[in-house]
Amino acid sequence: MIHKIHLFRSAKFAPNNDANIPDKYTSSPRLRPADGRAPPPRTASVSERITQRLKEIQKKSGVPLQSSLTDDDEQPSFKPDKGKGKAVDIDNPQTPPITASSPPPMSPLNPPVPLPSTQILLAGLSLSPANVSQLLVRAAAELPLRPVRFPLLGEYPDCFNGEEFVSWLNANVPGFGGSLDVAEDAARDLTEREGLLRRIGEFGNQFEHSDDAFYQFRPKV
């Protein structure tokens, strides 16, 4: 029984070389319908339909498709020139560069205001600092300068007393009018206000018109 089934299956699925015997199990696939009709036409894809549509538009307008696409899509490219404030056209290097506008000019500076010259008043007499310096340099050269020793303090060189200085001012400054009082006031201004004379052997820096009050010219004189 098993042998008969095997023979039946072999005969049923064996290849059929006879085209006149219809056998739907073993016959080869037909390339054309049995009734002789033409195969159904192939449907165009979406991309093919879009391409066909663009070609039709191209024929109607008369403008090449490639040129119309590139003209709309391409934009002029600019290359910034760093640090120069310019933009350079790459496609047209002959085009003059676009220069960034400069900031508005600053308002001119006001001319410097000259400082008023400082005058020194000595007993009401106005003298320039240069004249005062020359006056004291001359006094240091003409006064009898000498060293003075003080107990526990030591010796101080180039000293003079208050009486000698007032007498010298009265004799060498015509603006004082020959008055010892005016010369004394000028010596006090030079010592206490201007600090050009230094008292020796005493606290403070007061001026005394005395022969036992000693002074020195400060180095800045």
Side-chain angles (χ1 to χ4, degrees), residues 78-89 93 95-221:
F78 294 95
K79 178 181 178 182
D81 189 2
K82 296 182 180 179
K84 302 295 183 180
K86 302 177 180 179
V88 180
D89 189 350
T95 303
I98 303 172
T99 307
S101 59
S102 302
M106 298 178 61
S107 58
L109 298 176
N110 295 328
V113 178
L115 297 177
S117 58
T118 304
Q119 297 290 321
I120 298 177
L121 291 177
L122 298 180
L125 179 64
S126 178
L127 298 175
S128 66
N131 291 335
V132 173
S133 178
Q134 294 174 1
L135 180 67
L136 296 182
V137 168
R138 180 183 169 191
E142 296 180 1
L143 285 172
L145 304 182
R146 57 202 179 271
V148 177
R149 180 181 295 274
F150 291 91
L152 303 178
L153 296 179
E155 183 177 287
Y156 293 87
D158 301 328
C159 297
F160 56 93
N161 59 41
E163 182 178 2
E164 293 171 345
F165 188 61
V166 170
S167 298
W168 187 91
L169 288 176
N170 185 38
N172 291 275
V173 180
F176 294 158
S179 173
L180 287 177
D181 293 337
V182 175
E184 181 180 352
D185 291 340
R188 184 173 292 106
D189 292 339
L190 290 171
T191 305
E192 300 178 4
R193 189 187 65 203
E194 303 298 331
L196 298 177
L197 275 66
R198 180 176 64 177
R199 180 79 180 261
I200 301 299
E202 297 289 341
F203 291 105
N205 202 44
Q206 296 179 350
F207 183 82
E208 293 184 15
H209 184 192
S210 173
D211 58 357
D212 58 356
F214 292 93
Y215 300 89
Q216 284 180 330
F217 293 111
R218 292 189 181 274
K220 63 181 179 180
V221 175

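We count residues from 1, following the sequence as given. All values below come from the heavy atoms of this structure, side chains included, with hydrogens, waters and symmetry mates left out.
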request  = Check whether more than 12 heavy atoms from other residues, nucleotides or ligands sit under 6.0 Å from atom CD of Glu192, and answer yes or no.
outcome  =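 Yes, because the 6.0 Å sphere around CD of Glu192 holds more than 12 heavy atoms from other groups.
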Can you find a heavy atom in the side chain of [X] that is under 4.5 Å from one in the side chain of [Y]?
X	Y	answer
Ile120	Asp189	no
Asp158	Phe217	no
Leu122	Leu169	no

inquiry  = Walk me through whether Phe160 and Trp168 qualify under side chain to side chain contact (heavy atoms under 4.5 Å, CB included).
reply    = CA-CA 11 Å; Phe160 56 93; Trp168 187 91; over 6 Å; no
Could you tell me the separation between the [atom1] atom of [X] and the [atom2] atom of [Y], rounded to the nearest 0.5 Å?
X	Y	atom1	atom2	answer
Glu208	Tyr215	CD	OH	5.5 Å
Ser128	Gln119	OG	CD	6.0 Å
Leu197	Thr191	CG	OG1	4.0 Å
Gln134	Leu127	CD	CG	10.5 Å
Arg149	Tyr156	CZ	OH	11.0 Å
Glu164	Leu143	CD	CG	6.5 Å

task = Would you please name every residue forming a side chain to side chain donor-acceptor pair (under 3.5 Å) with Glu184, sequence neighbours left out?
result =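 Glu184 satisfies side chain to side chain donor-acceptor pair (under 3.5 Å) with Arg188 only.
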task = Evaluate the criterion side chain to side chain contact (heavy atoms under 4.5 Å, CB included) for residue pair Ile200 and Val148; output intermediate values, then yes/no.
result = CA-CA 9 Å; Ile200 301 299; Val148 177; 5.7 Å; no
Closest heavy-atom contact between [X] and [Y]?
X	Y	result
Ala123	Asp185	CB-CB, 3.9 Å
Gly162	His209	O-CD2, 4.0 Å
Phe165	Ala139	CE1-CB, 4.3 Å
Pro144	Arg146	O-NH1, 2.7 Å

Asn205/Arg199 under side chain to side chain contact (heavy atoms under 4.5 Å, CB included): CA gap, chis, key distance, verdict = CA-CA 5 Å; Asn205 202 44; Arg199 180 79 180 261; 3.6 Å; yes
inquiry  = I'd like to check the salt bridge (Lys or Arg N to Asp or Glu O under 4.0 Å) partners of Glu142; sequence neighbours left out, ordered by chain and number.
reply    =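 Testing Glu142 for salt bridge (Lys or Arg N to Asp or Glu O under 4.0 Å), a comparison that skips the adjacent residues, returns Arg138.
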task = Carefully, step by step, assess Phe207 and Val166 under the rule side chain to side chain contact (heavy atoms under 4.5 Å, CB included).
result = CA-CA 10 Å; Phe207 183 82; Val166 170; 3.6 Å; yes
query = Using a distance-only test with no angle check, is there a side-chain donor-acceptor pair under 3.5 angstrom linking Ser179 and Asp181?
reply =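 Not at all, the side chains of Ser179 and Asp181 share no donor-acceptor pair under 3.5 Å.
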